[in-house]
Amino acid sequence: MPSIEGKAPRVRASKPGGTAFAACAKRVYTGAMRTAWKGIRYRLEWLALKAATKFVPLLSRKACYRLALLLGSLGAMLDRRGRRVALSNLRVAFGDEISSERGAQIVRESYQHFARTMLDFFWSPRLTSQNFSRYVEFENRERWDEEDTRPGKPVVVGCYHYSNFEWLSIVSAFAGLEGVVIAQQFKNPLLDPIFLKLRQRSGHRVAPREGAVMHLYRALRRGERFALLVDLTTSAKLPTVAIKCFGLERCVTFAHVWLHQRTGAPLINVHCEPLPGGRYRVVFHPRIEFPAGASLQEMAQACWDQFEPVVRKNPAPWLWMYKHWRYRPLAANLAAYPFYANISEDFERRLDEGARKLPPMTSKVKLPMVTPA
């Protein structure tokens, strides 16, 4: 047998385009797998929520409350990303006012409050117009009654993600304050009907998010009421204004104040706060009176300014794991904002509009060009 030592190995030449074809096939296969997994995941999420709608209402109030505390504590331990966001938010909001130990406690309690909100939401079929007062009380309800808010008179209600914002909506309808609420559409469309059914059972009508502002405008013109969460961080590319929240700039909707301005409907803030033993209190704030000529930015700021003292007094019920400050001003100190905040040209335009009292979405400010070193 002849020796092969010293001979070069024979290499088979690949066909032109073979590598590109293989890469394309791999991408198609990976995309198909991701699509298939998404469909499976969506179906599993739907099954989990359907099971929750059947199981949770069987629990006693005490069992529901204790389970929420347990799930919230587990969430605070297991959700590393959310916990990091929450701790960063607390740092920029309170600075040295709270210790690291107190901050960790607030984050854990924030998860527990959110777990209570979600479990109570699925428990809400047990609520009726006859029994809701066992679990929820009202404070300053006379402020609502003193206004011209009888049926047929439009009202704009501002609320935010504090404590059980879902029950705030449900029990208000049971108390005769039904109206229109905006639905947050999920990435998983299978979940929308579940939440829609629960939110409408007390008498509210849920409006779709697409075209929501004009839908609400027409509702107000018909003499209806509507409620809107005003602390959502909205993309700076969309119709928004910049306000100060804990001294830091952020982008929020101005739909509530624009609708108030256009229709003259009173704007009344309402929030829900926790009580011992799994009960809640719904608090009505004084009607917001805006000075003549106030800009939409100033009006949105005044709306938030009624809520911030509540959060400062008892921070835990607010949704600290949410990215409230997604943008930071170009001129701001990097350390003054959370780690996830980014520079945005659109945000600089919202800031410019606020500084110069321009109408929203009119600034043409450009970010300065940065020359590479």
Side-chain angles (χ1 to χ4, degrees), residues 144 147-161 165-166 168-170 172-173 177-187 189 191-193 195-243 250-270 287-290 293-304 307 326 346-347 349-350 353-354 357-364:
W144 176 278
E147 301 294 338
D148 193 5
T149 56
R150 62 184 182 277
K153 294 293 183 178
V155 185
V156 179
V157 180
C159 47
Y160 67 137
H161 290 90
F165 50 90
E166 293 285 3
L168 184 157
S169 174
I170 292 170
S172 294
L177 310 180
E178 68 279 354
V180 183
V181 295
I182 299 297
Q184 177 70 40
Q185 293 178 318
F186 294 91
K187 292 181 180 179
L191 307 184
D192 290 324
F195 281 80
L196 185 66
K197 182 179 179 181
L198 290 171
R199 285 172 176 153
Q200 290 188 142
R201 62 175 300 275
S202 62
H204 285 311
R205 182 167 61 84
V206 178
R209 198 157 183 84
E210 187 175 350
V213 174
M214 291 311 300
H215 186 99
L216 294 175
Y217 175 75
R218 289 191 289 268
L220 288 173
R221 298 291 292 180
R222 291 193 298 266
E224 296 185 69
R225 315 176 182 104
F226 88 86
L228 184 70
L229 290 160
V230 302
D231 63 337
L232 285 172
T233 298
T234 310
S235 170
K237 295 181 180 180
L238 299 176
T240 51
V241 292
I243 66 168
R250 63 177 296 195
C251 255
V252 297
T253 182
F254 60 87
H256 52 307
V257 293
W258 182 84
L259 288 165
H260 159 79
Q261 189 181 69
R262 291 297 297 268
T263 66
L267 200 163
I268 299 175
N269 280 338
V270 184
R287 174 178 176 170
I288 304 177
E289 300 290 348
F290 302 105
S295 66
L296 291 172
Q297 292 92 341
E298 291 169 333
M299 294 166 71
Q301 183 70 62
C303 186
W304 168 253
F307 286 137
R326 295 186 183 181
D346 292 295
F347 186 54
R349 291 173 178 173
R350 306 294 80 80
E353 289 156 3
K357 296 188 176 181
L358 300 175
M361 313 307 291
T362 59
S363 175
K364 303 297 182 183

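When all heavy atoms of F307 and C159 are compared, the pair lying nearest together is CZ-CA, 3.8 Å. When all heavy atoms of K364 and R349 are compared, the pair lying nearest together is C-NE, 3.9 Å. Closest non-hydrogen pair, L168 versus S172, comes out as O-OG, 2.6 Å.
A salt bridge does not link R218 with E224: every distance from a Lys NZ or Arg NE/NH1/NH2 to an Asp or Glu carboxylate oxygen is 4.0 Å or more.
Annotation: ring-ring contact (aromatic ring centres under 6.0 Å, His included) contacts involving residues 250-270, sequence neighbours excluded, comprise H260-F290.
At least one side-chain heavy atom of F226 sits under 4.5 Å from a side-chain heavy atom of V156. Within the 4.5 Å cutoff, the side chain of V181 has heavy atoms near those of the S169 side chain.
Panel note: side chain H204, backbone G179; a donor-acceptor pair is recorded below 3.5 Å. Judged by distance alone, the side chain of R350 and the main-chain N or O of A242 form no donor-acceptor pair under 3.5 Å. A distance-only check finds no donor-acceptor pair linking the side chain of Q297 to the backbone of V241 [under 3.5 Å].
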For residues 227-235, dump all side-chain donor-acceptor pairs below 3.5 Å to protein atoms at least two apart in sequence or in another chain.
{"residue": "D231", "atom": "OD1", "partner": "H161", "partner atom": "N", "Å": "3.4"}
{"residue": "D231", "atom": "OD1", "partner": "H161", "partner atom": "ND1", "Å": "2.8"}
{"residue": "D231", "atom": "OD2", "partner": "H161", "partner atom": "N", "Å": "3.1"}
{"residue": "D231", "atom": "OD2", "partner": "W318", "partner atom": "NE1", "Å": "3.0"}
{"residue": "T233", "atom": "OG1", "partner": "R250", "partner atom": "NH2", "Å": "2.8"}
{"residue": "T233", "atom": "OG1", "partner": "K323", "partner atom": "O", "Å": "3.3"}
{"residue": "T233", "atom": "OG1", "partner": "H324", "partner atom": "O", "Å": "2.8"}
{"residue": "S235", "atom": "OG", "partner": "K237", "partner atom": "N", "Å": "3.2"}

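Other residues, nucleotides and ligands place no more than 12 heavy atoms under 6.0 Å from the CZ atom of R221.
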